[in-house]
Amino acid sequence: MTEVAAQSASAFRLALIGNPNCGKTALFNLLTGSRQKVANYAGVTIERKEGRLVSPGGRAFALLDLTGAYSLQAASLDEAVTRDICRGFYPGEPPPDALVCVVDATNLRLHLRFALEVIALGKPVVIALNMMDAARRRGIAIDVPTLQRELGVPVVETVAVRRDGARALLAQLDVVAAHPSPPPGDAEMSIDAMHARTRRLIELAVTMPTRTGRIDDALDRWLLHPVVGLLALATVMFLIFQAVYAWATPLMDGIDAATMWLGGAVGSAMPDGPLKSLVVDGVIAGLGGVLIFLPQILILFAFILALEESGYLPRAAFLLDRWMFKAGLSGRSFIPLLSSFACAVPGIMATRSIQDPRDRMATILVAPLMTCSARLPVYALLIGAFIPRRDVWGVFNLQGLVLFGLYVAGIVSALIVAFAMKRWRRDKGEHALLLELPSYRVPHPRDVLIGLWERAAIFLKRVGGIILALTILLWFLLSFPAPPAGALGPAIDYSFAGRIGHALEVVFAPVGFNWQICIALIPGLAAREVAVSSLATVYALSAANDADAANALSPLIAQDWSLATALSLLAWYVYAPMCVSTLATIKRETNSWKRMFAAMFYLFALAYGASFATYQIAVALGAG
């Protein structure tokens, strides 16, 4: 039994289950609030989210948010895990005492068929008719008593985006917990029988208006247009990257000022010596150099979460399917690749929803080319140091334009690599795209804020864990051994890290990297954002005096590096060999060491080749 499950063993165990885009996670957030714990299921990398709630009757419930599934006849690993947990077959996971099946009241023709599959499991079930407010606005009338009678299980209305939108569900949970009786019916119902019964349920209990979803139809008329829709998508992505710079600057300046103040205050209160160097130059300078980019990362996450909640992402996938198929991917690759903008690890894991093995493998191999949030600190550092902060045409931020170009370079490169893999494998087969297009809805601020909190906690955990450990290790390598008596060069040249950096400089000299950059590349393999804290630590310890060490990193590198070197490093990080966690995820998802090493090799080759070409061209143009 897992730790989370053990803590909830005394509570009545509920599992939330439903199709994707049914509002299940919003309902989970409404019921549990901040009382949530996130982990992974034993043996797989699928996220496990459990929360606790207390009903109005005072009963404690442990609520498990299962991964969305279209059917319990699993076509993907996510659906297989959901199915096995519902049936009580998943190892180390206690079976739920009852199931809450969440259905979209605006799309019952699809969701009721899945609800019949859930009922056929033979466990106590409550049907939550979610998004009832949207159904009423569209003129959809649902006869709840008739639907409850025909299904043989309790049916309640919910509106997950309202504070009291789960009142009826909470009252029903007390009844189910007191009398957990399984539903009547045939547990061996066939698929054909479920489709026939779904049609009968719609006829008996649902009255559809003459025209449904006028707003959806009007928006889709433009947003799914092959020309206007693509322009709209490009505009949305462009505005996101402009906002990453324009909105985050004041917050970043505040974090930078606080870091410098803290370093100065702690440094003045401590006596000179190795401990002061560790705390000021290692911990504070290193962690501060990463924390400063948290506002940009959260702004990027906020846009992705809002797009996901709005129902726009599946439409973007549909819109891009034709173009992605020509490149060797499919529309289903869009959401995993978009997730990779946050981090390649969940993006690669999200490929489990791609049923075609070739499309899934191609998506896994190109996902690291998406510009993950860990690259953002490096981009922000170099752009801030070498690209002037000025407006273009009086509207656009030049630094934001450069950032947008780097993201576009990653996307175009991924399409080219996928096309090359398709030509190499000579795959000319058709891969049909079947997607549900959910109704448009306004993202609820609470759900976006909870998502941001979870991602901020993950980022801060990395800062306080692996990044802190690597920063301290790097400080040790930079500080020891001490230079021999009578040494004339800087002390750092005699340290372990200095010797490693100077040795690697021979390999990376053709791309313009100095020995400080070579040192930063090594811990950057564990987490890309560590490169910034590593550079901060290196320059703090290699500065000529305390005044130089106190300066911000950006002016230091602007003075020390040429523009050609900065452009070369930017090109390197467009293709930078992925972090160790991404490599481990590729190995786990493909079950192949060969594919993992192939991914690592081709990305290193692309990074070195792009950096070499960028540096040599820049030098030739006089930027050296």
Side-chain angles (χ1 to χ4, degrees), residues 230 233-234 236-238 240-241 244 300 303-304 307 313 316-354 356-376 378-379 402-425 427 431 433 528 570-579 581-583 585-586 589-590 595-611 613-614:
L230 286 173
L233 177 59
V236 168
M237 301 305 293
F238 179 79
I240 288 175
F241 300 124
V244 165
L300 178 61
F303 276 103
I304 292 177
L307 290 175
L313 289 189
F318 174 81
L319 190 66
L320 294 172
D321 180 60
R322 179 187 302 176
W323 298 97
M324 298 185 77
F325 174 73
K326 290 180 180 179
L329 300 169
S330 77
R332 282 197 179 275
S333 302
F334 173 73
I335 293 178
L337 293 180
L338 184 64
S339 300
S340 298
F341 281 118
C343 178
V345 171
I348 292 170
M349 290 160 51
T351 62
R352 299 183 195 124
S353 63
I354 303 175
D356 184 85
R358 195 214 64 82
D359 288 349
R360 180 171 185 260
M361 189 58 59
T363 307
I364 288 174
L365 293 177
V366 302
L369 288 171
M370 298 298 103
T371 303
C372 66
S373 59
R375 288 183 174 106
L376 195 55
V378 181
Y379 287 171
V402 173
L403 179 66
F404 180 70
L406 292 170
Y407 275 77
V408 170
I411 295 170
V412 172
S413 299
L415 295 177
I416 293 173
V417 170
F419 178 78
M421 286 192 290
K422 178 182 180 180
R423 298 290 295 179
W424 177 58
R425 299 190 61 162
D427 178 18
H431 307 292
L433 175 67
R528 288 188 182 100
L570 283 174
W572 173 273
Y573 269 95
V574 171
Y575 307 101
M578 70 287 285
C579 58
S581 58
T582 304
L583 288 173
T585 304
I586 292 178
E589 293 295 318
T590 65
R595 290 190 174 97
M596 185 201 78
F597 283 115
M600 183 173 65
F601 175 79
Y602 99 79
L603 286 169
F604 180 86
L606 281 178
Y608 197 95
S611 293
T614 301

How many angstroms lie between OH in Y602 and OH in Y575, if you round to the nearest 0.5 Å? 10.5 Å

Applying side-chain contact (heavy atoms from CB on, under 4.5 Å) to L406 and T371, what does each step give before you reach the verdict? CA-CA 8 Å; L406 292 170; T371 303; 5.6 Å; no

Once rounded to the nearest 0.5 Å, what's the spacing between atom OH of Y608 and atom CH2 of W572? 8.5 Å

Heavy-atom pair with the smallest gap, counting every atom of I411 and M370: CA-CE, 3.9 Å

Can you find a pair of side-chain heavy atoms, one from L603 and one from L369, that are under 4.5 Å apart? yes

State the CD1-OG1 distance between I364 and T582, to the nearest 0.5 angstrom. 12.0 Å

Nearest-0.5 Å distance that lies between atom CE in M237 and atom CG in L307: 7.5 Å

Indicate yes or no: at least one non-hydrogen side-chain atom of L320 is less than 4.5 angstrom from one of L230. yes

I need the L583 CG to R595 CZ distance, nearest 0.5 Å. 15.5 Å

So CE of M361 and CD1 of I586: to nearest 0.5 Å the spacing works out to 9.5 Å

State, with a plain yes or no, whether a side-chain heavy atom of L376 is found less than 4.5 Å away from one of L403. yes

Nearest heavy-atom approach of A344 to A367 is CB-O, 4.4 Å

For D359 and T363, the nearest pair of non-hydrogen atoms, with its separation, is O-OG1, 2.7 Å

Minimum-distance pair of heavy atoms, taken over all atoms of L365 and M421: CD1-SD, 3.6 Å

Please examine the side chains of M596 and T590, heavy atoms only from C-beta on, and report whether any two atoms are closer than 4.5 Å. no

